[in-house]
Every structure is written in C-alpha cells, then in structure tokens.
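For reference, the structure is listed below as structure tokens.
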2 protein chains.
Amino acid sequence: MYVCSMYTSELIKGTLKTIVLTLLKENGRMYGYEITQRVKDLTDGKIQITEGALYPTLHTLEKNGEVGIEEEYMGKRVRKYYTLTEQGQVTAREKINEFADFISTMKFLLDLQPKPGHA
Amino acid sequence: MYVCSMYTSELIKGTLKTIVLTLLKENGRMYGYEITQRVKDLTDGKIQITEGALYPTLHTLEKNGEVGIEEEYMGKRVRKYYTLTEQGQVTAREKINEFADFISTMKFLLDLQPKPGHA
DNA sequence: TTGCAATACTTAAGTTTCTTATGTATGTTT
DNA sequence: AAACATACATAAGAAACTTAAGTATTGCAA
C-alpha cells in the first residue's frame, strides 16, 4: 500500500471547486475556514486547502451565482457562511458526475481496472 | 450515467506525466504523436492530449532522466521514440500509486465510496 | 496533379489555477 | 504577554496547460 503525507499539488489542481461545492451540498452551509479544516480532517491531512486558494475560489463561485453569502458575527469576528444556490446545486451534481467519470476513465487508462461501462 | 464528450481541462491538469509514464511502461516505447492517438482511442476521445502540452512534457521528462530517446527515420520523416529509464520506471510506479491513493481519498471526500483502508 | 487531411515535430504567448507570502484582526491558552 | 488558533483578504510569482502558429513529409481523393 502506498503511503504519503500529502499529494503533489498538481493532482489537487482542478478539483478544488468540486470539493467545495460537494461539501456545501452535504453540509448545507459552511464558512471558508471551516472548509479547510473539514477537508484536512476527512483526508487525514492528505489534502490541505490553502486559504490563498480557497477564498478567491469562493469569491469566484459567488460572482458566478453558484453560492450565496450570509455574514454572521461571533463576538466581533465575522464569519461568512456560504450556501449553494439552485444553480450551484446543479453545478455540484455535474462536477461530481464529471469527476466520477474521469476517474473511471483514468483507472482504465492506467490499467488499474477493466474498461468502464458505456451504459 | 453521466455522459460527456470531453472533460473540462482542469481535471486533466496534473495527470499528464502520469499518463505518459504509464503508457511507456505498458508499451515499451512510443513516439509523441502515437501517445496522443493512443490516449484518444483508449478513452473514446474523452481525454485528448494536445501536442502543445505533450511535447514540452516529453522534453522535461528527458531532461530529468526519466525517459531516453531514439530517433528513427520513416522515409524522410523523423520519429522520436521514447523509452523509460530505470529511474523513469520507479517514477511511473510512484505516480500510479499516488494517483490511485488520491482517487481513493477523493471518492471518500466526495461521498462516492466508504472510507479507504489504511492497510 | 493539386489540394486537403493526416502524420510528426517545435515553440511562443497567453490563461488559469494554484503556492507563497503578507497583512489585518480577534479569540484562546499557557 | 507571548504564542497559537481562528477568520478573513489579496498580491506576486510559479506551474501546467491552451491556443496558435510554424515547419515539413506522406497519403489520398477529386
């Protein structure tokens, strides 16, 4: 079994939006810092989303109408909670399906598994 | 079942070296154009490696000592056949294992599958 | 026989997406 | 009170790809 503390960053590229949209779909609403910690916990530290990558991505998702924001103050400190819009839910499904199909294709290509079905 | 003609390019980023090294591992030796066609055929056109991406990657792999070159002339037209060096074979194995581990982690994170084993 | 498509390689410019680094500010723990 | 964690923002740079243009040979069809 292959063991590593963290993936080369190349692999994670292109999956950030998919991860964020999926977590929001599963958890209803989350704030940015929470997302970084959740991903770190769920993956035993193998995937660590940096804030420099996450926050700009969240801003882009908002501009594109995929997520909405609610600000909440915990004492004096602001938290920005993000929730999927209807469009965001559609995009989340699409991204997840696309990724599932992609890894199926890659598994076949890398000879890790029989050819995926065409059904 | 999700159907698409081609993946958004983001997903493919970071997997190109893995694909190239794996194909060379499986096929012994290949030339650049052959790699692009093989990937297109094997994936029913879902993954199309552009020459602008492939050739620089091959040059980098050569600089890093992962692959060796043999030039052959088919008539007047040159073909550059690439083969894995010993180091390239090690890297190929590592890349494949890393990718397999990555998709296992991602499947869990995207709730597509139970948590991967730690064995 | 000419013109188009396929084969086969190269490389430069531009874009996207991430990393690295820095900045601001509050809350908690030792 | 120092250090660490929480919580956001953003700018500069790097990496990996796309797009595009170029060179040249070969094969096929009209």
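A note on names: the letters A, B, ... follow the listed sequences, proteins ahead of strands, and every chain is numbered from 1. Not measured: the values here are computed from a predicted model.
If you measure from atom NZ of B:Lys80 to atom P of C:dT11, you get 8 Å, rounded to the nearest angstrom. Here the P atom of nucleotide D:dC8 and the CE atom of A:Met74 are 11 Å apart, to the nearest Å. Taking atom NZ of residue A:Lys63 and atom C1' of nucleotide C:dT16, one finds them 14 Å apart after rounding to whole Å. At whole-Å resolution of the value, CG in B:Leu11 and C1' in C:dT16 are 14 Å apart. For the pair A:Glu71 CD and D:dA9 P, the interatomic distance rounds to 8 Å; values are reported in whole Å. Separating the CZ atom of A:Arg38 from the P atom of D:dA7 is a distance of 12 Å, rounded to the nearest angstrom. Between A:Glu62 atom CD and D:dT10 atom P there is a gap of 12 Å when expressed in whole angstrom units. Rounded to whole angstrom, the span from the CD1 atom of A:Ile49 across to the P atom of D:dT6 amounts to 16 Å.
Residue B:Tyr33 is the one, among B:Tyr33 and A:Gly75, whose nearest nucleotide of DNA chain C lies closer to the 5' end (criterion: closest heavy atom). Comparing B:Glu51 and A:Lys17 by the nucleotide of DNA chain C that holds the closest heavy atom to each, the one mapping nearer the 5' end is B:Glu51.
Ion pairing of B:Lys25 with A:Asp111 is absent here, as no side-chain N (NZ or NE/NH1/NH2) approaches a carboxylate O to less than 4.0 Å.
The side chain of B:Lys13 has C:dT16 as its nearest neighbour among C:dC9, C:dT16, D:dA9. Each of D:dT6, D:dA16, C:dT11 was ranked by its minimum atom distance to the side chain of B:Tyr55; first place goes to C:dT11. In this structure, the nucleotide among D:dT10, D:dC17, C:dT20 sitting nearest to the side chain of A:His59 is D:dT10. Checked against C:dT20, D:dA16, C:dA8, the side chain of A:Thr50 finds its nearest nucleotide in C:dT20. Comparing D:dT26, D:dT6, D:dA7 by their nearest atom to the side chain of B:Lys76 picks out D:dT26.
Note: the hydrophobic cluster containing B:Ile69 also contains B:Leu54 (ILVMFWY, side chain heavy atoms under 4.5 Å, direct or indirect links).
Among the protein residues, B:Gly32 comes within range of the sugar-phosphate backbone only, with heavy atoms under 4.0 Å from sugar or phosphate atoms but none that close to a base. Within 4.0 Å (heavy atoms only), B:Arg77 reaches at least one base atom of the nucleic acid.
Among A:Thr91, A:Leu61, A:Thr85, the one residue that satisfies the side-chain contact (heavy atoms from CB on, under 4.5 Å) test with A:Val67 is A:Leu61.
Heavy-atom contacts from other residues, nucleotides or ligands closer than 6.0 Å to CD of A:Glu72 number more than 12.
B:Gln87 and B:Asn64 make their closest contact through NE2-O, 3.6 Å (heavy atoms, listed as atom of the first residue, atom of the second, distance).
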